[in-house]
Amino acid sequence: MPHFRLKRGCKISDNLEKLMPSRRQILSLLAAGPMLAPISAYSTATAQRLLSPSCADDDDLTPSQTEGPYFTPNSPEKQDFTSDAPGGERITLAGYVLRQNCRPVTKALVELWHCDETGNYDNDGYKLRGHQFSDAKGRWWFNTVVPGLYPGRTRHFHVKVQRPGARILTTQLYFPGEPGNAVDSIFHEALVLDVTSGGSGGKFGRFDFVVQ
């Protein structure tokens, strides 16, 4: 089989289509979970477009970035952070963990941490901190809130991703159109989320990690 790499926004290879879930299957799975209530605010067409896998042969591994000063080890296993910051604007983050040949990574560790809507990190506990493991199709998702701003940084999430037995990818995810992107020395355009606004349901942010 030919060698493929992930490329968001491109059509999936016919040879790989059978390996990946259908759009209907993805939508049904994600919409069914109570922790993913914000997805209900999206039209079916929009959700299908955001959650469908895509592959090509001209993309690179997801870039790594600094861990930053606020990482706390031994985070709990959880996917819903919304109760940690009830006043924040809700956002559902979702995507895939994939190898460069487009095969999904099962049981990949995906760890997320970020500041609250006021720009503050919980450095004494585990608010807005947690991890999960990708499912059999390589899918991951979190329900959380949009992080605030603090001096010197644009709006961002911190993430660690690890395929079983492989090196840990430490990186950050960013929002499109943020004024701070242009002046943040760490910002990387390849790490920008595909964000859709869903009205009362909050935002939806899509990103697929490509790991070794």
Side-chain angles (χ1 to χ4, degrees), residues 3-10 16 19-21 26 29-30 33 35-36 50-56 59-81 84 91-115 121 126 128-147 153-176 186-195 203-212:
H3 182 77
F4 289 92
R5 295 185 183 181
L6 179 72
K7 181 73 172 180
R8 293 196 303 274
C10 298
L16 294 172
L19 298 175
M20 303 298 289
I26 298 168
L29 175 71
L30 295 179
M35 68 182 66
L36 291 174
L50 290 173
L51 297 175
S52 59
S54 57
C55 296
D59 208 7
D60 297 320
L61 295 168
T62 299
S64 62
Q65 291 209 311
T66 177
E67 181 181 89
Y70 302 122
F71 174 68
T72 301
N74 304 315
S75 69
E77 184 174 350
K78 69 177 183 180
Q79 291 177 297
D80 193 343
F81 293 6
D84 293 342
I91 183 169
T92 295
L93 302 178
Y96 286 82
V97 181
L98 298 169
R99 299 294 302 278
Q100 286 178 284
N101 61 4
C102 292
R103 291 184 179 275
V105 179
T106 302
K107 296 183 179 179
L109 170 71
V110 183
E111 183 164 10
L112 177 73
W113 73 100
H114 61 91
C115 65
Y121 286 83
Y126 291 99
L128 301 176
R129 299 176 182 271
H131 71 271
Q132 61 176 274
F133 297 92
S134 60
D135 67 11
K137 303 298 184 182
R139 294 168 290 203
W140 63 272
W141 58 88
F142 289 97
N143 270 355
T144 188
V145 300
V146 175
R153 291 305 316 276
T154 191
R155 205 179 306 274
H156 64 281
F157 293 102
H158 292 272
V159 188
K160 288 182 181 288
V161 183
Q162 183 181 27
R163 181 173 61 86
R167 292 183 178 181
I168 298 173
L169 166 68
T170 301
T171 194
Q172 300 182 36
L173 299 178
Y174 300 95
F175 286 77
I186 303 175
F187 171 78
H188 196 310
E189 62 180 7
L191 297 170
V192 174
L193 291 155
D194 182 0
V195 177
K203 297 180 182 296
F204 184 93
R206 164 72 184 271
F207 194 87
D208 297 331
F209 295 102
V210 184
V211 299
Q212 289 182 329

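Since the structure is predicted, the reported quantities are computational estimates derived from the model, not experimental observations.
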Pairing residues for R155 by the side chain to side chain donor-acceptor pair (under 3.5 Å) criterion, not counting sequence neighbours: E178
Residues that H158 engages under side chain to side chain donor-acceptor pair (under 3.5 Å), provided they are two or more places apart: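 Only Y121, H156 meet the side chain to side chain donor-acceptor pair (under 3.5 Å) criterion with H158.
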Value rounded to 0.5 Å, distance of [atom1] in [X] from [atom2] in [Y]:
X    : Y    : atom1 : atom2 : answer
K78  : Q132 : NZ    : CD    : 12.0 Å
F209 : L191 : CZ    : CG    : 8.5 Å
L169 : L109 : CG    : CG    : 10.5 Å

Sequence-distant partners of [X], side-chain contact (heavy atoms from CB on, under 4.5 Å), two or more places apart:
X    : result
K160 : E67, F71, E111, W113, I168, T170
Q212 : L61
T66  : Q172, I186

Contact summary for [X] and [Y], nearest pair of heavy atoms:
X    : Y    : result
V210 : T62  : N-OG1, 2.9 Å
V105 : P164 : CG1-CD, 4.1 Å
L98  : P104 : CD2-CA, 3.4 Å
T106 : S134 : C-OG, 3.6 Å

Set of residues satisfying salt bridge (Lys or Arg N to Asp or Glu O under 4.0 Å) with respect to R153, sequence neighbours excluded: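 Counting only residues at least two positions away or on another chain, R153 forms a salt bridge (Lys or Arg N to Asp or Glu O under 4.0 Å) with D184.
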Checking the side chain of [X] only, and the main-chain atoms of [Y] only, is there a donor and an acceptor separated by less than 3.5 Å?
X    : Y    : value
T171 : P63  : yes
S75  : R129 : no
T144 : F81  : no
T92  : F204 : no
H131 : P76  : yes

All ring pair (Phe, Tyr, Trp, His ring centres under 6.0 Å) counterparts of Y126, not counting sequence neighbours: none
Residues forming a ring pair (Phe, Tyr, Trp, His ring centres under 6.0 Å) with F157, sequence neighbours excluded: H114, F175
Trace of the side chain to side chain contact (heavy atoms under 4.5 Å, CB included) decision for F142 with V110: CA-CA 10 Å; F142 289 97; V110 183; 3.8 Å; yes
